Amino acid sequence: MSKIETPRPVRGTQDIFGADAEAFAFVVETFERVRKLYRFRRIEMPVFEKTEVFARSLGETTDVVAKEMYSFLDRGDESLTLRPEFTAGIARAFITDGWQQLAPLKVATHGPLFRYERPQKGRYRQFHQLDAEVIGAGEPQADVELLAMADQLLKELGVSDGVTLQLNTLGDGDSRDAWRAALVEHFAGVRGVLSEDSQERLEKNPLRILDSKDARDKVHVGTAPMIDQFLSSEAQDFFGAVTSGLDAAGVAWTRNQALVRGLDYYRHTAFEFVTDRLGAQGTVLGGGRYDGLIESLGGAPTPAVGWAAGIERLAMLVGDRPEALLDAVVVVEDDASLARAIAVTQKLRLAGWKAELFASGAPRKRFDKAKKVASHTLVTFPATEHGVTMRVMGDGGGTHTAIENAVLFDK
RNA sequence: GCGAUCGUAGCUCAGUUGGUUAGAGCGCCGGUUUGUGGUACCGGAGGUCGCGGGUUCAAGACCCGUCGAUCGCCCCA
């Protein structure tokens with residue numbers, strides 16, 4: 001017989017189990033609870049879309065589109081792509097499903113996303129995000145509410161210590177274009193002394209030079225023109241309304257004039273919740289306003305704001321979460337008691353208690369195995385001079401008493 | 001795409017300047033223990049040391065290649 005080669009997992013995918021899986025679930029459950037407090041309505045979205053949905057909305061020259069998409073031809077020779085982010089698909093649905101009539105619409109979802117990247121700490125090829133969007137709302141109040149929800153989420157996850165909200169504005173389209181031109185002029189003047197990466201960025205994405213980590217660039221970032229010089233008065237008013245709204249809501253923030261977003265569709269508000277506890281991947285939640293996106297997909301001009309948060313990154317900040325303490329462990333050491341044990345276990349579960357039955361493997365080992373499981377009570381069927389009886393051991397607490405009454409006295 | 005570090009049992013790891021038959025804990029299997037609990041006891045199975053080549057009397061250890069993982073750059077959640 002030839003040896004069977006076990007297929008290896010795909011690079012950048014993860015099999016999540018135990019404490020990690022509990023932390024992951026805690027993040028999702030907390031998000032589901034908090035989004036309801038703000039009446040963000042749950043949506044379910046397809047995991048793949050026609051490639052143009054992403055190619056057109058993210059910007060052809062962005063890394064995500066240029067080299068990170070999982071695209072393939074289906075049997076009808078149509079180019080499809082596993083979603084690298086949520087926003088573009090939601091914008092498409094807003095147009096194709098007639099959600100305009102529901103505007104302003106607050107929606108939330110979560111699930112897997114796919115990017116062909118080199119995996120490292122807090123970064124995977126299949127990763128998972130929480131996502132929240134407000135579509136059809138042009139007022140700064142929408143930005144404020146969205147950020148307030150993000151802030152509350154992080155607090156309820158218990159990870160807000162050491163996480164700061166960095167806030168910037170990219171202005172409206174005209175402001176952004178003027179700023180961009182000024183930046184190109186500024187950096188082109190010192191082109192020769194910039195890092196190789198930044199010389200490239202000068203062509204592709206000059207805004208990105210602002211948050212370069214290279215010392216050669218940082219010197220010239222300090223003297224670069226800032227967005228504030230180019231903001232129209234409307235854009236200034238808008239940003240002012242966002243910041244004063246955040247202050248009113250009690251959401252702490254700091255201005256980061258170098259904060260830009262990687263994707264083309266962002267306008268006005270841009271923000272990131274950042275931590276220094278995750279190595280190179282400091283951004284835990286990021287987003288901003290994308291007023292031009294829906295129009296670029298062929299819809300009516302529609303203002304919108306949104307954010308996404310990495311579930312894995314949040315789960316790492318949350319840390320280990322213990323698996324739930326059981327209410328009862330039922331152990332059968334003599335198979336003659338098996339039917340009785342099944343009945344008792346099922347009765348406990350139907351009554352809403354978390355219970356596990358140990359009735360397999362070597363009978364003599366079962367008790368020790370069952371003992372090791374964290375539980376309020378342990379139910380056994382020892383043989384006595386009165387025949388086989390049922391015994392409930394426990395921690396003496398309320399659950400113990402209640403289970404004892406239910407199981408022994410049928411109360 | 002680029003760089004650094006690391007690959008020893010199912011898992012976490014030890015293994016000295018290269019030197020007999022490669023170890024531990026946990027887990028698994030068998031036996032003892034019939035226990036009002038969160039490490040009881042004894043025994044056993046399980047490894048072509050990631051893979052391929054090279055150096056050497058001798059390689060888990062050194063060299064080259066390759067695959068994989070981790071962390072970083074780019075980019076991003």
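Remember, predicted model here, so these are calculated numbers, not experimental data. Proteins get letters first, then strands, A, B, ... in listed order; numbering begins at 1 in each.
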> Could you say whether A/Gly12 or A/Val373 is positioned toward the 5' end of RNA chain B, judged by the nucleotide with the nearest heavy atom to each?
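Taking each residue's closest nucleotide, the earlier one in sequence belongs to A/Val373.
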> My understanding is that a pair needs two contacts under 3.5 Å, Watson-Crick or G-U wobble. By that rule, which nucleotide pairs with B/G65?
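The base-pairing partner of B/G65, which may sit in any strand shown, is B/C51.
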> Need one value for A/Gly287: base, sugar-phosphate or nothing, where a base atom within 4.0 Å counts as base even if backbone is also close, heavy atoms only.
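Nothing: the residue A/Gly287, judged by heavy atoms under 4.0 Å, touches no strand.
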> Between B/U36, B/G37, B/G35, spot the one nearest the side chain of A/Leu378, thanks.
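Ranking B/U36, B/G37, B/G35 by closest atom to the A/Leu378 side chain puts B/G37 first.
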> Whether A/Arg125 engages the ring of A/Tyr116 as a cation-pi pair (distance to the six-membered ring centre under 6.0 angstrom, angle to the ring normal within 45°) should be assessed.
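The answer is yes, since A/Arg125 meets both limits relative to A/Tyr116.
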> Side chains of A/Asp247 and A/Ser244: any donor to acceptor distance under 3.5 Å?
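The answer is no; no qualifying pair exists.
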> Regarding A/Ser195, tell me which of base, sugar-phosphate or nothing describes its non-hydrogen contacts under 4.0 Å with the strands shown.
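Nothing, no heavy atom under 4.0 Å.
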> Looking at A/Arg8 and B/C67, is any side-chain donor or acceptor paired with a base atom of the opposite kind under 3.5 Å?
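Answer is no: no donor-acceptor pair is held.
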> Under 3.5 Å, is there a donor-acceptor pair linking the side chains of A/Thr283 and A/Glu272?
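Yes - a donor-acceptor pair under 3.5 Å links their side chains.
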> Less than 3.5 Å apart, any donor N or O on the side chain of A/Arg42 or A/His110 sitting next to an acceptor on the other?
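Yes - a donor-acceptor pair under 3.5 Å links their side chains.
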> If you check every side-chain atom of A/Arg208, which of B/A77, B/G27, B/C76 has the closest atom?
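Of all the options, the side chain of A/Arg208 is nearest to B/C76.
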> With rounding to the closest Å, how many angstrom separate the P atoms on B/U8 and B/G54?
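Comparing P positions in B/U8 and B/G54 gives a spacing of 24 Å.
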> Across all strands, who's sitting opposite B/G18 as a Watson-Crick or G-U wobble pair, both distances under 3.5 Å?
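Because no pair has both required distances under 3.5 Å, B/G18 counts as unpaired.
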> For the side chain of A/Lys213, counting heavy atoms from C-beta on, which of B/C74, B/C76, B/U70 is nearest?
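Side chain of A/Lys213 sits closest to B/C74.
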> With respect to the phosphate group of B/C74, does any side-chain polar atom (N or O) of A/Arg118 fall under 4.0 Å of OP1 or OP2?
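Checking B/C74 against A/Arg118, no side-chain N or O comes under 4.0 Å of OP1 or OP2.
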> From the list B/A77, B/G38, B/C73, which nucleotide is the closest neighbour of the side chain of A/Gln129?
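Closest nucleotide to the A/Gln129 side chain: B/A77.
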> For A/Glu333, which contact category applies under a 4.0 Å heavy-atom criterion: base, sugar-phosphate, or nothing?
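Base: the residue A/Glu333, judged by heavy atoms under 4.0 Å, touches a nucleobase.
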> Would you indicate, yes or no, if B/C29 has its OP1 or OP2 atom less than 4.0 angstrom from a side-chain nitrogen or oxygen of A/Lys369?
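For A/Lys369, the contact criterion (side-chain N or O under 4.0 Å from OP1 or OP2 of B/C29) is not met.
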> Could you work out which one of B/A77, B/C73, B/G37 sits closest to the side chain of A/Met393?
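Among the listed nucleotides, the one closest to the side chain of A/Met393 is B/G37.
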> Are A/Asp151 and A/Lys155 within salt-bridge range, i.e. N to O under 4.0 Å?
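A salt bridge is present here (some side-chain N lies under 4.0 Å from a carboxylate O).
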> Taking for each residue the nucleotide of RNA chain B with the nearest heavy atom, is it A/His376 or A/Lys67 whose nucleotide lies nearer the 5' end?
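It is A/His376, whose closest nucleotide lies nearer the 5' terminus.
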> Can you classify the ring geometry of A/Phe48 versus A/Phe72 as parallel (below 30°), tilted (30 to 60°) or perpendicular (above 60°)?
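It falls in the tilted class, 30° to 60°.
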> Taking atom P in both B/C64 and B/C6, compute the distance separating them and give it to the nearest angstrom.
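Per the computed distance, 13 Å lies between those P atoms.
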> Describe the nucleic acid contact of A/Tyr124 in one word from base, sugar-phosphate, nothing, applying a heavy-atom distance below 4.0 Å.
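The answer is base, as A/Tyr124 lies within the cut-off (heavy atoms under 4.0 Å) of a base atom.
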> How would you label the contact of A/Lys371 with the nucleic acid (heavy atoms, under 4.0 Å): base, sugar-phosphate, or nothing?
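Result for A/Lys371 = base.
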> Check every strand shown and say whether A/His110 touches a base, only sugar-phosphate, or nothing at a heavy-atom separation below 4.0 Å.
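Here A/His110 touches no strand at all.
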> Base, sugar-phosphate or nothing for A/Ser375? Non-hydrogen atoms, less than 4.0 Å.
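A/Ser375: base contact, heavy atoms under 4.0 Å.
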> Of the nucleotides B/G72, B/C76, B/C74, which has the atom closest to the A/Lys121 side chain?
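Output: B/G72.
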> So A/Arg366, base contact, sugar-phosphate only, or nothing? Heavy-atom distance under 4.0 Å.
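Answer is nothing: A/Arg366 stays at 4.0 Å or more from every strand.
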> B/C74 and B/A59: how far apart are their C1' atoms, nearest whole angstrom?
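The same atom, C1', in both gives a distance of 39 Å.
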> Looking at B/G1, which nucleotide sits across from it as a Watson-Crick or G-U wobble partner, both distances under 3.5 angstrom, or is there none?
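Its partner is B/C73.
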> Measuring to OP1 and OP2 of B/G72, would you say a side-chain N or O of A/Gln120 lies under 4.0 angstrom away?
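Yes, within the criterion.
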